[in-house]
Amino acid sequence: MQAYLKLDHIDKTFSRGNATTEVLKEINLTIDKGEYVSIIGHSGCGKSTLLNIVAGLTGTTNGCVLLENREVNSPGPDRAVVFQNHSLLPWLTVYENVRLGVDKVFARTKSRAERDAWVMHNLSLVQMAHARDKRPSEISGGMKQRVGIARALAMEPKVLLLDEPFGALDALTRAHLQDSVMALHQKLGNTILMITHDVDEAVLLSDRIVMMTNGPSARIGEVLEVPLARPRKRLELATNPAYLKCRQRVLEFLYERHSFVEAA
Amino acid sequence: MSMPAMKTEVTAVALPPAAHAAPVVTMTPKRPPRAETYTRMAKEAAVRVVPPLIVVALLLLVWELICRRAGSSLPPPSKVFKDTKELILDPFFDNGGIDKGLFWHLSASLQRVAYGYSLAAIAGIALGTLVGQSVWAMRGLDPLFQVLRTIPPLAWLPLSLAAFRDGQPSAIFVIFITSIWPIIINTAVGIRNIPQDYRNVAAVVQLNPLEFFTKIMIPAAAPYMFTGLRIGIGLSWLAIVAAEMLIGGVGIGFFIWDAWNSSHISEIILALFYVGIIGFVLDRLIAGLGKVVTRGTAAN
C-alpha cells in the first residue's frame, strides 16, 4: 500500500553566519489516510520545525515531503494548520476568518451561497455558529481555538496539522476541546498530524505516537502504536491497562532514556 | 453558597411564593429613568467643559489687564473683538481680489492641505509598505528618508517655485513633502511588525500579493499608519500657514501676512484663533477616523 503522507529522509539545518545547527536528522515517517499521528518530544527538539516543514512554511535541507506521491514544498490549503496561538485575524469576525480560506479554496467550485453555507456548516461542527459575528477579542481562548479548527477544516485539507493546539488552554477547556477533536476525527475521518508535549493527550487521541529524541540533530526515537478501540472515552481509559501501558512507554522514553537536558 | 444570594434576589423582586419551587431568577437589567440619565450626562459634560472655561476666562482677564493701558503694543481681547466683529459675523463676503471673508481664506488653505495631504497619504503608505516589506528597499531608501525628513518645509518652497513656476502647486508640494515622512516611517514600522502568524495564515490560505496587501497588511498595520497620518496632518497644517505667507493670493497664511502689513493686529489674533481651532479639528478628525478603522485590530 502506498503511503498517504510520507516524510522522506528529512534533514534540517539552520545556519546563521558561520554557525550551523542541525535540528532534524533522518526523519522518515509514513502516515496512512485517516490516521491520527502525534509527535511528542521535549521542547526545543524541533517538532514544531518538523510540522512547519510538512506545512511548507519551512524548507528542508535534505529530503522531501510527499503527499499522495507528489512532492509538496510550499504552503497550501491541502495541509491546513491549526496554530498554537489560534492566529485568528483580529480585525475579522469569526465568520470572516473562516470565510477567508473558504473563498480562496472554493473560489471556482462553490457558489457564493454554497460557500456561505459551508462556512456555517464548519462553524457548527465546532459549536461556534452562535458567535459568527463576534470578533476574536470578544471570545474566550478555547472558542478562538475552535474557530481556528473550523478555519482549517473548512479548507477540506488532505492532512490537518495541529501545532500544540491545546497548549495555551486551561486543563478543563483542553479536555473539552480534545473530546471535540476526537469526535470530529471520528466523524470526518481526517488525516491528522499533531504536535504535543502532553503524554495523556498523545495517548488519548492518537493511533500512533512518534517520539523524538532531544535536539540538536533530533531524530525519531521510537514509534508507538496505540491499540485502543475508538471511540475512546476519557473516563473509561483511566483504568484501561492498554492505555496505562502506552502511557508508561511514552513516559519512560521521555524521562528515562531521553530526559531533558537544560541547554544552559 | 449560592442559596442565600438567590433568596435575597427572590425577595427583592417580590415573586410569589410558588417561585421558590423553581429557582429561576430572570434578571432584567434595570434601566434608569430618562431624566436621571440626562442629569448624569450633563454632569459628565460639565466636568470636562468647566475647567478649561475657567482657565480661558482667567487668561483673557490677565491679557485684558496687561494690554489695556495706553501705549501697549498688542490689543486687549475687548479691542480684538471690537475690531474684528465684522470679520467674525460675516465670514462669507467676497469683494473680489484678496478682499474676502475668512471662510474663503480658510477654505483655500484647507483645499491645498487636502490635495497635498491626500497625495502624501497615498504615496507615503505605498512607499512605507515597500520599505517595510523589502529589506533591499529599506537599505536603499531609509538613509535617504532620514536625511530628507530633517529639511524644514519652507526650505523646499523656493525649489518648488522654480520647478512649478506657480504658487498653487508649490504650496501643495510643500504640504506633500512635509507630511509624507511620518507616514512613510510609521507605515514601514507597522508592516515590519506584522506578526509571523498572520503571514503563515496567508501562506496556508495562499493569498496572492494583492490580497495579502489588502486583507492582511493594511488592517494589521493600520494602527501604525494612523499614527503617521495624524502626525502628518498636524505638520501639513503647520506648513501651509508659513507657505502661504510667502506665495500670496488667497489663504489664511496670506491673510495673516496681509493683516501684519496693514497693522491690523486684531485680525492676526482672530486668524490665529481660527488656525488653532481648525488644526485641532483636523487632528481629531484623523484620530477619530483611525479609531473607527482600527477598531478590533488593536485589542487582540
Side-chain angles (χ1 to χ4, degrees), chain A residues 48 51-59 72-94 96-107 133-139 141 144 147-148 151-163 168, chain B residues 1 29 121 125 128-129 132-133 135-136 139 186-187 189-230 286-300:
Chain A
S48 280
L51 186 106
N52 281 343
I53 287 173
V54 178
L57 294 167
T58 310
V72 285
N73 47 20
S74 64
D78 55 346
R79 284 151 291 132
V81 187
V82 176
F83 298 94
Q84 179 176 11
N85 51 355
H86 68 78
S87 297
L88 298 179
L89 303 176
W91 53 88
L92 298 181
T93 62
V94 162
E96 289 164 340
N97 264 292
V98 180
R99 181 75 188 249
L100 183 72
V102 171
D103 275 347
K104 282 301 284 182
V105 178
F106 302 107
D133 294 323
K134 292 236 164 66
R135 280 171 204 281
S137 55
E138 297 167 328
I139 58 180
K144 283 179 201 161
V147 178
R151 176 172 64 184
L153 283 176
M155 296 182 227
E156 277 197 331
K158 291 178 176 158
V159 182
L160 188 59
L161 303 172
L162 309 179
D163 185 4
Chain B
M1 271 310 279
I125 287 176
T129 306
Q133 186 67 4
V135 179
W136 271 102
R139 286 189 191 145
N186 282 285
T187 303
V189 171
I191 298 285
R192 232 172 285 150
N193 282 345
I194 294 176
Q196 186 59 38
D197 296 344
Y198 299 170
R199 294 179 188 274
N200 286 347
V201 169
V204 169
V205 177
Q206 287 184 330
L207 295 181
N208 63 37
L210 183 67
E211 287 168 327
F212 181 64
F213 179 72
T214 56
K215 293 188 173 163
I216 308 280
M217 274 187 168
I218 293 281
Y224 290 90
M225 284 177 193
F226 272 97
T227 308
L229 287 171
R230 205 172 155 189
I286 300 292
L289 187 66
K291 229 181 196 167
V292 173
V293 172
T294 61
R295 147 187 59 93
T297 313
N300 191 356

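Keep in mind that the numbers below use all heavy atoms, side chains included, and drop hydrogens, waters and symmetry copies. Please read all numbers here as calculations on a predicted model, not as lab measurements. Chain naming here is simple, since letters A, B, ... match the order of the sequence lines and numbering starts at 1 in each.
The distance from atom CG of A/Leu92 to atom CD1 of B/Ile216, rounded to the nearest 0.5 Å, is 7.5 Å.
For B/Asn193, the side chain to side chain contact (heavy atoms under 4.5 Å, CB included) partners are B/Val189, B/Tyr224, not counting sequence neighbours. The side-chain hydrogen bond (donor to acceptor under 3.5 Å, both in side chains) check on A/Lys158 picks up A/Glu68, with sequence neighbours excluded.
Of residues 52-59 of chain A, those residues lying under 4.5 Å from chain B by any heavy-atom pair are A/Leu57. Contact residues of residues 75-85 of chain A toward chain B are A/Pro75, A/Gly76, A/Pro77, A/Arg79, A/Ala80, A/Val81, A/Phe83, A/Asn85 (heavy-atom distance under 4.5 Å).
The candidate from A/Thr93, A/Leu100, A/Val105 with the greatest count of non-hydrogen atom pairs under 4.5 Å with chain B is A/Leu100.
In this structure, the side chain of A/Trp91 engages the main chain of B/Lys215 through a donor-acceptor pair within 3.5 Å.
Minimum interatomic distance between B/Gln206 and A/Lys104 (heavy atoms only, all atoms of both residues): O-CE, 3.0 Å.
Between B/Asp197 and A/His86 the shortest side-chain heavy-atom distance does not fall below 4.5 Å.
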